[in-house]
Amino acid sequence: MTEPLLRVDGLAVSYRTRQGSGHVRRTAVEGVSLELGRGEVLALVGESGSGKTTIGQSIIGLLPEGGRVEAGSIELHLAGRPVDLAKLPARAVQELRGRRIALVPQDPGSSLNPVQTIGASVAAPLRIHREDARWRDRDSIRRRVVELLDRVGLDDPERRAGQYPHELSGGMRQRALIAAAIALEPDLIVADEPTSALDVTVQRRILDLLDELRGELGSSVLLITHDLAVAAERADRIAVLRQGALEEAGPAREVLRAPATAYTRTLLADAPALQDVAPRPARAAGPNAAAPLVRVEGLVHEYGHGRDAFRAVDDVAFAIERGTTHALVGESGSGKTTIGRAVAALHAPTAGSIRIGDRDVLAAGGSPWRRDRSIRRLVQLVSQNPYASLDPRRTIAQAIGEPLRNWGPAEGGVRDRAALARRVATALDQVALPADVAHRLPRELSGGQRQRVAIARALIIEPEVVVLDEAVSALDVTVQSQILELLESLQRDLGLTYLFITHDLAVVRRIADSVTVLRRGAAVETGAAERVLLAPEHEYTRALLDAVPAPEWLRPTPADDRRSVDDRRAAHDDLRLEVA
Amino acid sequence: MSALTLLPAGAAEAPARAARPKPRATLVVAVLVLAVALAWAFLPWLFTSQDPIAGVAAEALQAPSAAHPFGTDATGRDLLARVIFGAGNSLAGAAIAVLVGLVVGTALGVLAGSVGGLVEDAVMRVVDVLLAIPGLLLALSVIVLLGFGVTNAAIAVGVTSIAVFARLSRSQVVRVRRSDYVEAAFGSGGTFLAVLGRHVLPNSLGAVLALAALQFGSAILAISTLGFLGYGAPPPTPEWGLLIAESRDYVATSWWLTTLPGVVVAAVVLAANRVAAAIREATA
């Protein structure tokens, strides 16, 4: 490699955190060394808490309050003479920031000033770095802003420049933020999870745009991501981080094809987009094939009334056989959550019918506090955010036992304390949580553990149908993979029927028997998972499938497919043991 | 359990830096002030041997001294004794006032917030009307209806705080009602009352308790105000507002008569506010 643009050597960062009445410094990053060549893309990959964002923040000199670089150097090589960003005074780093190093932030929703026009936000770096003689007067700044907005692919850039952030979609806002980042043609672009808040089809276009701009400007990109598939597809080099330390680093193909450490191997094995799993084959028509357990017909949901009415769900129909998983796939605004909540009898749709077995779900109306509660024993909902769905003041045992206390003994409920404790212990065991979790509070658990608690609570009254609303979307890949395994084994053991709502087609491939693809409230395609995923009929389904990041060279080979699922799972478990 | 092992594990921990004076110190002082005031209220005779009602005419209008730390008033009564014996009346009044506001206001707010719809609209419009009337005017109107006296003054002050309690508790209940865990509780088959008792009330009443402590301070002031205006306890009952009112003719010559009871009232009100802030922090 020629002279690198950025060389991080032995970086250590610590944060001041409260502990009891005083403060302690907690190390977030320790001994990390990286190199990024000119025009290269280096992906920093890791799970939450791995320190990847902290490294990015150290490089642009924007560590949050309480953060401090303890040791090491961050050398930026500009025109031959290296500067150490870690030792530079704040004033001098500010001088470089925006001009030489730019940031593309994670959340386009909160990264633009809501009371400033898009044009003003994009012009900010031009106005701040006035030393560049080209951007001294208003007209040249305005022309440059329009040119930039046009360059990042916003239609009608003149008009967009005068609009406010709330008038733009998430993808458009991210484009505007990229325009601001490239305004002064920086040498280094730090992109911190630039697409994590976006839909897959939008993600693909934004990543393409970043690639194009890099080629055009010759900038280097530090791509911070939790998504190994994105890194595999876009990066020249990959650095894998774990708990603040570098696990391994090297050219992308080498790291991913022949990972040196067990941790990287588990990450690879757990990333749904990279898993060598074929869609579940269509099941042989069972005796109940003619009478599916869940039947949704002509479902329509409108928000608002009269002419302002917005049709969130437009005439959707599907059926789920007992003991199978049906996936509702779609991007944000496709109506998938609205449908899921209607099936869970948490709100009443405008029209249509939902039946579970011989029960009409909507017979008693759909509202959280409806009179006739009996449907709740048939269908349960697990929501995306397990932290929000657990009462912060109640212990795990109280949360899991609560559904049983809501019912009389004749209805499958339990009132007796000792019996309740026994059932809670069984439920914890069922979701593979240790018994001592019972007396803790939700905030004392990790994200994966909380989702297990939410699943245990949903299952304790033995429902037949479970609606899983993005139940694994907020979790790290390894945890996500474990929860999916748990869901699969519970389905086998208890004969559960799942309605699995997700935006992630890679997850669908792994878990679903049948699929409905939604777009703007309408079902564009529905059918067996194998058929929909391998031979999609609708172009939107194809677009969604294409947008799943995964480079060709990592796709499973036919030889891999011959390995049985159980073999792969056994190998997978061995890996995890090795890592733990 | 690998989900656990993936958490950031034992990072090196440096010793804490030299601590600044802790904010807890002010809280300790506040609690002490309130404790002394409460002790005065319940066991006044432990703190003074002087008679708060009968004075010694020969010792009228004496400046603070070792024998009379707060001095004496125009009829020769020991001022400290009157302040100590007045604590009972003033604090009991404040407690009644807060209780009235807390119970009635919170009941209205929880009703409005949890039932919603027409009930909510009706209750909250009545609350708006209550808020539109100046507090003192409302208190005076209630007193005129109920008649003069310590208890009635306290109830009147309590009525003026109903609206604040109702508004706060309603907003808290509405916030909690919209949370995912309340929906999850209904979704698991919880009845309205079960969910209200298990989730909505425990999670929404922290802020209401903080407001109660805050109102305790302002109720002391409000009752003292009514006492000062002559609507509270009749003389010669020792009551903090009345003490200040009775002495206002002597401000120029005997400063201690108004200043020292005033300082006591201010200290207790400040202490109540500090405790309120602590409750708010603890429940936030």
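Values reported hereafter were calculated over all heavy atoms of this structure, with side chains retained and with hydrogens, waters and symmetry mates removed. Quick caveat: nothing in here was measured; it's all calculated off a predicted structure. All chains are named by letter (A, B, ...) in the order of the sequence lines, taking the proteins before the strands, and each is independently numbered beginning at 1.
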query: In terms of heavy-atom contacts, does CZ of B/Arg178 have more than 12 from other residues, nucleotides or ligands at under 6.0 Å?
result: no
message: For the CG atom on B/Leu118, are there more than 12 heavy atoms of other groups (residues, nucleotides or ligands in this structure) within a distance under 6.0 Å?
response: no
- request: Give a yes-or-no answer on whether the side chains of B/Thr191 and A/Asn406 include a donor-acceptor pair shorter than 3.5 Å.
  value: no
field: Polar side-chain atom of A/Arg373 near backbone of B/Gly189 as donor-acceptor pair, under 3.5 Å
entry: yes
query: A/Ala388 and B/Asp180: which non-hydrogen atoms are nearest, and at how many Å?
result: O-CB, 3.3 Å
field: side chain to side chain donor-acceptor pair (under 3.5 Å) involving B/Thr160 - partner list, sequence neighbours excluded
entry: none
query: Residues two or more places apart in sequence or in another chain: which of them pass side chain to side chain donor-acceptor pair (under 3.5 Å) with A/Arg443?
result: none
- prompt: With side chains defined as the heavy atoms from C-beta onward, is the minimum distance between A/Arg376 and B/Ser188 less than 4.5 Å?
  reply: no
Region of A/Leu390 that comes under 4.5 Å of a non-hydrogen atom in chain B: backbone
statement: Okay, A/Arg405 and chain B: the region with an atom under 4.5 Å from a heavy atom over there is both
- prompt: In chain order, what residues pass the salt bridge (charged side-chain N to carboxylate O under 4.0 Å, His left out) check against B/Glu120, with sequence neighbours excluded?
  reply: B/Arg170
field: Interface residue of largest heavy-atom contact number with chain B, from A/Pro392, A/Gly413, A/Ser383, under 4.5 Å
entry: A/Pro392
message: Against A/Asp391, only a single residue in B/Val200, B/Val176, B/Asn203 fulfils side chain to side chain contact (heavy atoms under 4.5 Å, CB included); can you say which?
response: B/Asn203
statement: Residues of residues 393-403 of chain A with a heavy atom under 4.5 Å from any heavy atom of chain B, in residue-number order, are A/Arg393, A/Arg394, A/Glu402, A/Pro403
